[in-house]
Novice: 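Just dropping this structure here.
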Amino acid sequence: MKTPEKFVISGGRVLHGEVEISGAKNAVVAILPATILADEPCIIENVPEISDVTISIQILRELGAKVEFIAPHTYRIDTRSIRNHCVPYESARRMRASYYFMGALLGKFGHCRVSRPGGCPLGDRPIDQHMKAFAKLGADCKQDRGMIDITTPNGLKGNQIFFDCVTVGATMNAILAAVKADGLTIIENAAKEPHIVDLASFLNSMGADIMGAGTDTIKIRGVKYLRGTSYAVIPDQIEAGTYMVAAAATGGDVLIKNVIPKHLESIISVMEKIGVKIEQFDDAVRVSVDGPLVKTSIKTRPHPGFPTDMQPQISALLCLAEGTSMIKEGVSEQRFQYVDELRRMGADIQVDGKVAVIEGTGKLTGAPVKACDLRAGAALMIAGLAASGVTTIEDIYHIERGYADMEGKLRALGACIEKKPITPVTKQNEPIIQEVQPEKPHQDAV
Ligand code: EPZ
């Protein structure tokens with residue numbers, strides 16, 4: 001039971017200073033389940049404080065793992081005590097990435113029973129390629145009343161897996177299932193995102209034999225035993241990109257620290273086209289604006305293309321640029337639901353299928369809005385920071401799934417932002433005694 005909260009932003013403050021980027025959400029949500037494959041305890045460092053991590057740890061504990069918080073952003077995880085191989089709907093629906101428990105449990109125990117992940121506001125997101133990969137390795141996957149039962153009548157055996165589309169989740173799940181399978185697995189048309197390389201590096205640090213992660217062909221030779229390791233999660237490239245855009249949208253000057261600039265190449269290239277000045281250092285980028293922001297055209301693509309997870313944030317920036325910009329969504333089914341909320345702030349955006357046309361108006365105005373998913377929430381935060389007047393953002397649990405202490409980090413950069421409980425109002429708009437409401441299920445988890 002948690003009182004719903006909102007962010008209240010008084011816009012128009014220029015962001016200045018330094019911000020430290022946390023560990024990558026999309027890496028850690030795979031690395032935490034991957035500890036199930038270890039035959040000794042692991043220490044995971046640079047774990048971001050986000051609700052998707054809280055849920056992943058809760059699932060590990062429900063399975064029987066011992067998870068200890070041993071230092072800031074650091075956990076010791078011992079999965080040798082796992083006896084339960086089932087992730088029920090109540091846990092799986094809270095986080096879409098719960099599907100990684102399938103690959104990890106299957107890879108370790110040869111069977112599992114995991115609920116299909118919950119619904120998703122990003123449109124239809126099938127998991128047929130995950131099932132295809134498991135089947136190629138010899139698994140028998142059956143679905144019954146929302147639960148996926150996976151067994152391996154003859155054990156897991158290495159094989160050739162060709163994905164029909166480039167998919168991050170299925171690539172990671174295939175790696176998890178294949179790492180202890182007998183013989184050689186070759187994954188073709190694999191996704192190449194930095195979090196795939198990070199999962200492979202984590203498993204290799206335990207003694208796995210994975211080659212080619214980060215290219216479209218990954219080769220995995222199965223091993224019998226994975227020893228304990230101490231491993232630091234990579235910095236979150238999308239969190240970094242979000243602060244880069246926030247700095248630019250407010251005309252600020254911000255040093256974004258603890259990043260891998262190579263992971264930011266496509267974001268840097270697009271932002272430079274928009275007229276943002278970016279200096280790169282070994283593990284930091286400095287973002288500033290010394291001229292007008294200008295229109296551009298972007299198509300989102302799998303890595304190394306411009307990430308779909310930055311599309312809403314860059315749209316908010318293009319609302320502030322001069323001229324007509326165009327964005328084509330090349331990865332997700334539906335990723336323009338946030339547009340209605342941006343329009344409430346004065347944005348002029350027309351959407352036709354997977355294409356959005358943005359007329360840069362040069363300004364936004366504060367309004368009450370709702371986050372409909374994680375990156376939509378990030379885009380509204382950016383819009384609110386740049387807008388004149390006050391913006392209130394509801395349904396912020398979406399934002400807290402993937403951004404560690406976003407209001408604290410923004411406040412340290414000079415933003416005027418507060419988190420406040422939502423007080424229900426009567427029909428006459430009179431505040432009533434506040435009720436404590438059950439926490440909303442995280443149905444869009446990604
Ligand atoms: C990952 O989702 C990310 N989530 C998403 O991050 C990200 O948007 C997405 O990759 C694309 O980069 C995590 O890493 C936890 P996909 P995932 O499988 O793995 C189709 C964020 O904001 N497809 O790469 O679920 C699918 O429909 C989020 O942090 C199939 O058809 O995405 C989609 O069109 C949002 N069948 C495309 O592939 C399948 O079996 C890419 O999906 C699997 C996918």
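All ligand and atom numbering here is 1-based and tracks the order in the structure. Here, residue 1 is the first one in the sequence, and each next residue gets the next number.
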Novice: Going by the order shown, which atoms of ligand 1 are within less than 4.0 Å of some heavy atom of Gly169?
Specialist: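 Within the 4.0 Å cut-off of Gly169, ligand 1 contributes 18 (O), 19 (O).
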Novice: Hey, does Ala170 come in under 3.5 Å of ligand 1, counting only N/O atoms on both sides?
Specialist: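 N/O-N/O distance below 3.5 Å does not exist for this pair.
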Novice: If you apply the rule side chain to side chain donor-acceptor pair (under 3.5 Å), what do you find for Tyr403 with Arg375, and how did you get there?
Specialist: CA-CA 10 Å; Tyr403 289 93; Arg375 307 305 172 188; 2.9 Å; yes
Novice: Would you call Lys419-Glu407 a salt bridge at under 4.0 Å N-O?
Specialist: yes
Novice: Considering distance alone, does some N or O of His195 sit under 3.5 Å from an N or O of ligand 1?
Specialist: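 No, there is no polar N/O contact under 3.5 Å.
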Novice: Name the option, out of Thr308, Asp128, Ile127, that contains the heavy atom nearest to atom 36 (N) of ligand 1.
Specialist: Asp128
Novice: Looking at Asp352, I'd like to know if its CG atom is crowded, meaning that more than 12 non-hydrogen atoms belonging to other residues, nucleotides or ligands lie closer than 6.0 Å.
Specialist: no
Novice: Tell me whether the rings of Phe69 and Tyr75 are parallel (<30°), tilted (30 to 60°) or perpendicular (>60°).
Specialist: perpendicular
Novice: Check each atom of ligand 1 against the heavy atoms of Gln129 and keep those under 4.0 Å away; list them by number with element.
Specialist: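 Answer for ligand 1: 36 (N), 39 (C), 40 (O).
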Novice: One thing to verify: whether Glu394 and Lys6 come together as a salt bridge, which I'm taking to mean a side-chain N less than 4.0 angstrom from a carboxylate O.
Specialist: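 No, no charged N to carboxylate O under 4.0 Å.
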Novice: Please lay out, stage by stage, how Thr167 and Gln129 fare under the test side chain to side chain donor-acceptor pair (under 3.5 Å).
Specialist: CA-CA 8 Å; Thr167 144; Gln129 299 301 305; over 6 Å; no
Novice: Within a distance under 4.0 Å of any heavy atom of Cys165, pick out the atoms of ligand 1 and give their elements.
Specialist: 20 (C), 23 (N), 30 (C), 31 (O), 38 (O)
Novice: Does Pro126 come within less than 4.0 angstrom of ligand 1, counting non-hydrogen atoms of the residue?
Specialist: yes
Novice: Salt bridge or not between Asp52 and Arg401? Use side-chain N to carboxylate O under 4.0 Å.
Specialist: yes
Novice: So does Glu188 have more than 12 non-hydrogen atoms from other groups sitting under 6.0 Å from CD?
Specialist: yes
Novice: Would Arg335 count as a contact residue for ligand 1, given that I'm defining contact as a non-hydrogen atom of the residue lying under 4.0 Å from a ligand atom?
Specialist: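 It does; at least one heavy atom falls under 4.0 Å.
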Novice: Short list, please: which atoms of ligand 1 are under 4.0 Å from a heavy atom of Tyr99?
Specialist: 2 (O), 17 (P), 19 (O), 25 (O)
Novice: Evaluate Leu374 for polar contact with ligand 1, using N/O atom pairs at a separation under 3.5 Å.
Specialist: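 No, no N or O pair falls under 3.5 Å.
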Novice: Pull out every atom of ligand 1 sitting under 4.0 Å from any heavy atom of His130, numbered as shown with elements.
Specialist: 40 (O)
Novice: Answer side chain, backbone, both or neither: which part of Lys25 comes under 4.0 Å from ligand 1, heavy atoms only.
Specialist: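 The part of Lys25 near ligand 1 is the side chain, not the backbone.
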Novice: Find all atoms of ligand 1 within a distance of less than 4.0 Å from any non-hydrogen atom belonging to Val331, and give their numbers and elements.
Specialist: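 Checking each atom against Val331, I get 11 (C), 33 (C), 34 (O).
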Novice: Mind checking whether Ser332 has an N or O less than 3.5 Å away from an N or O of ligand 1?
Specialist: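 It does not: no N or O of Ser332 is found under 3.5 Å from an N or O of ligand 1.
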Novice: Between Asp405 and Arg411 (salt bridge meaning N to carboxylate O under 4.0 Å), is one present in this structure?
Specialist: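 Looking at Asp405 and Arg411, the cut-off is not met.
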Novice: Please say which of Glu239, Arg335, Gln237 ends up in a side chain to side chain contact (heavy atoms under 4.5 Å, CB included) with Asp309.
Specialist: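 That would be Arg335.
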Novice: Is Glu329 touching ligand 1 with its side chain, its backbone, both, or neither, if touching means heavy atoms under 4.0 Å apart?
Specialist: neither
